Amino acid sequence: MTKKKKAARPNKLNAWFKAYTDETNPKTFFNKTASAKASGYKAKTENAFACIGYQNYRKLQNRIDLWMDEVGLSDARLKIKLIYLMDAKKTVVVKLKGQLDLNVIHPDAFEIVRTHKMAWSGTGESKKAFDDGDTLIGIIVEDLEVQRRALDMALKMKGLYAPEKREVTGRGGRPIEYKIITRIPEPDPPVDNGASRDE
């Protein structure tokens, strides 16, 4: 029986690794607990599955690091990607009326499309034609939300955030109640019901 258990453990460990690194399965990919469930471990509680997943992760840390390097997720590559994200840009599309001088609007503006609609102004000899169509322009600006998230991730990686404070409360949000016993209570004396033992 012991030999069978020992033989089964590497198979479950390999199954856990395959589930943990399976990019096609969003439930188990990089999810220690779900990978433990999917790889055939038996446990009664969610916490037990989480413990199994964490233990497997610790056992296979070197193998996981090697796999991450192979698929391009090495520490160095992740840091480089993070640096690029801290300089993220996005294109904002704006619809404007009429003919435009893009340099006046924004130095990084570019024309996407223009619709032509001829219109006339003035009367008689002073009558002039002008373009009254719409112009869609794109403007490249800083993507502040992506940059904020990248900065947040970098600060977490460096451990520069203060530890999060967690408040623990008792039932119904009330303070936790403690009962401190300073001495062991003596047992109550036997109850005398008034009956005599001689009778």
Side-chain angles (χ1 to χ4, degrees), residues 1-95 108-110 112-113 136-174 176:
M1 182 123 179
T2 311
K3 288 182 181 177
K4 283 183 181 177
K5 280 187 178 178
K6 284 185 180 177
R9 282 186 186 156
N11 291 337
K12 284 186 181 178
L13 207 56
N14 287 332
W16 182 90
F17 177 78
K18 284 179 185 174
Y20 187 73
T21 57
D22 183 7
E23 298 171 32
T24 61
N25 188 345
K27 289 183 179 178
T28 63
F29 185 57
F30 278 19
N31 186 323
K32 300 176 190 80
T33 305
S35 297
K37 289 178 183 177
S39 55
Y41 285 94
K42 291 182 172 64
K44 292 182 179 178
T45 65
E46 189 76 14
N47 192 38
F49 279 115
C51 289
I52 292 167
Y54 177 74
Q55 289 169 359
N56 286 350
Y57 179 80
R58 297 287 291 171
K59 288 176 191 172
L60 298 173
Q61 182 69 58
N62 292 336
R63 187 174 168 189
I64 291 167
D65 289 345
L66 184 63
W67 174 82
M68 288 181 75
D69 288 344
E70 288 173 1
V71 297
L73 294 172
S74 65
D75 288 350
R77 286 194 50 130
L78 290 174
K79 287 175 184 173
I80 289 168
K81 184 69 174 171
L82 192 59
I83 290 168
Y84 281 123
L85 287 173
M86 290 175 81
D87 195 32
K89 305 240 187 291
K90 68 179 177 180
T91 301
V92 177
V93 178
V94 181
K95 180 180 176 183
D108 291 329
F110 59 93
I112 298 172
V113 69
L136 282 181
I137 63 167
I139 304 172
I140 299 170
V141 296
E142 301 283 328
D143 193 338
L144 298 178
E145 181 59 22
V146 171
Q147 291 178 6
R148 183 195 65 77
R149 289 180 181 178
L151 182 61
D152 183 52
M153 183 62 68
L155 292 173
K156 283 180 182 175
M157 285 173 59
K158 284 291 197 179
L160 296 176
Y161 278 137
E164 291 182 21
K165 292 182 179 178
R166 298 190 185 269
E167 188 174 322
V168 180
T169 60
R171 289 185 183 168
R174 294 186 302 242
I176 297 175

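This is a predicted model, so every value here is computed, not measured.
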query = Is there any salt bridge (charged side-chain N to carboxylate O under 4.0 Å, His left out) pair reaching into residues 48-63, and which pairs are they, with sequence neighbours excluded?
reply = none
ask   = Would a distance-only check, ignoring hydrogens and angles, find a side-chain to backbone donor-acceptor pair under 3.5 Å from S39 to A15?
value = no
inquiry  = Do T91 and I139 have side chains that approach each other closer than 4.5 Å (heavy atoms only, starting at C-beta)?
reply    = no
ask   = side chain to side chain contact (heavy atoms under 4.5 Å, CB included) with D69: which residues, sequence neighbours excluded?
value = S74
Non-hydrogen atoms of W67 and F29 that approach each other most closely = CH2-CE1, 3.9 Å
side-chain contact (heavy atoms from CB on, under 4.5 Å) between L136 and V93, worked out = CA-CA 7 Å; L136 282 181; V93 178; 4.2 Å; yes
inquiry  = Going by the rule side chain to side chain donor-acceptor pair (under 3.5 Å), which residues pair with S35 if we only count those two or more places apart in sequence or in a different chain?
reply    = none
message = Quick one, D143 and K89 - any side-chain contact, counting heavy atoms below 4.5 Å?
response = no
request  = Please round to the nearest 0.5 Å and tell me the distance separating atom OG1 of T33 and atom NZ of K27.
outcome  = 14.5 Å
ask   = Any side-chain donor paired with an acceptor under 3.5 Å for Y20 and N56?
value = no
query = Quick one: are K90 and I140 in side-chain contact, heavy atoms under 4.5 Å?
reply = no
key: Smallest separation among heavy atoms of A36 and I52, with atom names   = CB-CG2, 3.9 Å
remark   = Residues passing the side chain to side chain donor-acceptor pair (under 3.5 Å) test with Q147, sequence neighbours excluded, are E142
ask   = Partners of L66 by side chain to side chain contact (heavy atoms under 4.5 Å, CB included), sequence neighbours excluded?
value = E70
ask   = Measuring from K81:NZ to L85:CG, what's the distance to the nearest 0.5 Å?
value = 5.5 Å
Nearest non-hydrogen partners of Y41 and L13, listed with the distance = OH-N, 3.6 Å
key: Contact list for residues 28-53, test salt bridge (charged side-chain N to carboxylate O under 4.0 Å, His left out), sequence neighbours left out   = K37-E46
ask   = Can you find a side-chain donor-acceptor pair between N47 and T45 that sits under 3.5 Å?
value = no
inquiry  = Which heavy atom of T28 sits nearest to which heavy atom of A38, and what is that distance?
reply    = CG2-CB, 3.9 Å
